[in-house]
Amino acid sequence: MFAYVARQPIFDVDREVYAYELLFRIGEENCFPDIPPDEATSKILTSTHLSLGIEEITGDKKAFINFHRDTLMFRFPTSLDANKVVIEIVETVEVDEALVSACKHIRGLGYPIALDDYDMKGKWEAFIPFTSIVKIDITEIAHDEIPALVERFKSKNIKLVAEKIETYEEFNKFKAMGFDYFQGYFLAKPEIVKHRKLGPSNLTMMELLTLSSQAKLNFDEVNKIIERDPSLTYLLLRFINNPMVNKRHKITSLKHALTFMGEIEVKKFISLLALANLNDGQPTELLQMALVRAKFCELVFSQLKDADNPLKGFLTGLLSLLDAMMEQRIDDLVSKVPISDDVKNALCGGKGMLRNCLTLAQLFERAKWTGIQQFAVKYDISQSLLHSYYNEAIKWAKHIHQSALKDN
């Protein structure tokens with residue numbers, strides 16, 4: 001059984017990831033909005049939990065998971081680890097005493113309960129005494145009514161999530177109101193208020209990024225840059241000794257690493273290392289998203305367009321959030337790096353396969369299943385293969401971040 005999974009981050013007030021909301025589908029026949037919700041949640045979650053593992057998707061973060069009436073009535077959430085999940089009761093459930101009793105029992109077993117898309121209707125009152133988190137869609141409730149809700153829920157020690165946060169202005173507004181967590185795509189958009197200056201370290205990283213983007217890699221120049229920074233040598237060795245990259249050889253020197261890895265892998269490593277340093281001071285989720293996009297775009301581009309040059313797909317995904325990291329326009333940033341014109345074109349919104357791969361990655365991030373299905377039909381590629389690529393990208397990004405960049 002193959003699980004289709006998308007994850008959407010939930011941030012805290014410091015813009016760090018508190019949890020991921022997991023959105024599931026199962027099988028190509030169930031990729032559309034008319035999926036029976038209880039069947040989708042139970043079968044898919046079971047498949048994912050047993051085969052991929054929730055921890056592979058969320059790492060050390062909590063997983064918010066939507067549950068519908070039947071799955072709650074049959075206590076399905078109790079098959080999961082109460083320390084790793086938050087049980088979301090969706091706004092469309094039919095509420096009666098039996099459902100309230102079931103949810104109260106689940107909460108008594110240690111599972112946090114969240115009310116999804118709280119709409120101020122009276123049917124939710126019975127849940128409030130044992131609810132841990134309330135999620136409020138800021139596009140559905142008048143903003144002048146929200147402060148009173150915040151005051152009420154805060155008095156009951158209930159945490160609040162503001163959903164559909166699309167701009168930093170909205171983030172700051174609801175943070176000031178007292179919200180604890182935030183869900184939306186504001187983080188992936190640059191806050192062009194100030195420009196981050198490129199210091200000596202940043203300039204070194206841009207120099208490495210430039211080298212990695214050239215048609216023929218100058219190993220001597222790479223060696224000179226990395227040799228003058230012991231921490232880069234250390235990170236390179238950790239990267240190459242990561243079992244996701246190398247399962248047979250122990251790399252003991254910089255020269256050995258460069259020779260063993262080959263040009264494309266060295267370029268990929270340099271690019272992600274440079275981006276990690278340029279992301280310094282920004283939320284780690286930006287880098288995590290960039291890593292997932294990089295691997296995913298590499299896999300899709302290699303499958304559909306150019307298996308001999310996967311670096312173009314990798315760079316397109318990796319650099320797609322550079323504007324948010326550096327708080328500058330993407331057009332200005334890519335002009336400083338001599339990457340290929342088609343990669344620049346994709347990053348700046350131009351048409352082409354690379355841009356389509358990047359758009360596909362964004363569809364996965366937002367769980368836009370219909371758009372994913374349309375891509376699969378257009379390019380005559382198995383939808384299951386696309387989902388397997390995305391799962392692989394999530395796992396790869398997690399392991400790379402932990403093994404090679406975590407201490408950077």
Side-chain angles (χ1 to χ4, degrees), residues 188-190 198 205-219 221-222 261-279 286-287 289-326 328-366 368 371-372 374-382 385-386 389-390 392-393 396-397 400:
K189 298 178 181 179
L198 293 177
M205 291 306 109
M206 291 296 285
E207 187 180 356
L208 278 175
L209 195 56
T210 298
L211 284 170
S212 72
S213 303
Q214 294 175 352
K216 182 67 176 176
L217 185 65
N218 188 324
F219 279 88
E221 289 300 316
V222 172
M261 291 170 72
E263 187 166 328
I264 289 179
E265 289 302 313
V266 170
K267 285 182 175 181
K268 285 163 57 177
F269 166 75
I270 292 171
S271 299
L272 68 89
L273 180 60
L275 198 72
N277 279 268
L278 291 172
N279 188 57
L286 277 175
L287 179 59
M289 288 175 66
L291 292 176
V292 173
R293 287 184 182 185
K295 188 63 177 178
F296 179 72
C297 289
E298 175 194 353
L299 292 169
V300 176
F301 186 70
S302 297
Q303 176 70 26
L304 296 179
K305 184 71 175 179
D306 194 348
D308 294 328
N309 191 6
L311 187 66
K312 286 185 178 181
F314 185 87
L315 279 177
T316 299
L318 190 70
L319 300 180
S320 62
L321 292 165
L322 190 59
D323 53 349
M325 294 177 181
M326 298 302 296
Q328 297 183 34
R329 286 167 44 85
I330 191 67
D331 309 59
D332 297 334
L333 288 166
V334 297
S335 67
K336 301 173 183 177
V337 184
I339 54 180
S340 64
D341 288 340
D342 45 357
V343 173
K344 286 183 180 180
N345 182 60
L347 292 172
C348 296
K351 295 181 179 180
M353 178 59 76
L354 286 171
R355 183 66 192 184
N356 292 343
C357 291
L358 179 56
T359 299
L360 181 63
Q362 294 169 330
L363 290 173
F364 270 96
E365 291 167 359
R366 294 175 179 250
K368 299 294 185 180
I372 294 168
Q374 291 171 346
F375 182 98
V377 170
K378 179 178 180 179
Y379 292 105
D380 191 25
I381 185 173
S382 163
L385 182 62
L386 293 179
Y389 283 164
Y390 197 70
E392 181 180 343
W396 180 86
I400 292 301

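Checked for salt-bridge contact, D323 and R329 miss the test: no charged N lies under 4.0 Å from a carboxylate O. A salt bridge links R293 with E365: the closest approach of a Lys/Arg side-chain nitrogen to an acidic carboxylate oxygen falls below 4.0 angstrom.
By the 4.5 Å heavy-atom criterion applied to side chains, F301 and T316 are not counted as neighbours. Between W396 and V292 the shortest side-chain heavy-atom distance does not fall below 4.5 Å. Taking the side chain as every heavy atom from C-beta outward, L304 and V300 approach each other to under 4.5 Å. Side-chain contact between K378 and Q374 is absent, with no heavy atoms from C-beta onward closer than 4.5 Å.
N345 meets the side chain to side chain donor-acceptor pair (under 3.5 Å) test with no other residue; sequence neighbours excluded.
In this structure, CG in L354 is found 13.5 Å from CZ in F314, a value given to the nearest 0.5 Å. Between atom OG of residue S302 and atom NZ of residue K312 there is a gap of 11.5 Å, rounded to the nearest 0.5 Å. Put simply, CG on L360 and CZ on R355 are 12.5 Å apart, with the number rounded to the nearest 0.5 Å.
When the options L315, L347, I330 are evaluated for a side-chain contact (heavy atoms from CB on, under 4.5 Å) with S320, the one that passes is L347.
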Apply side-chain contact (heavy atoms from CB on, under 4.5 Å) to the pair F375 and T359, showing each step before the final yes or no.
-> CA-CA 10 Å; F375 182 98; T359 299; over 6 Å; no
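In this structure, a donor-acceptor pair under 3.5 Å is present between the side chains of Q303 and Y389.
What you find for A376 and L386 is that their closest heavy atoms are CB-CD1, 4.1 Å. What you find for C297 and G317 is that their closest heavy atoms are SG-CA, 4.1 Å. Here the shortest heavy-atom pairing between M325 and A290 reads CE-CB, 4.0 Å.
If you look at F296 and Y390, their ring centroids are closer than 6.0 Å.
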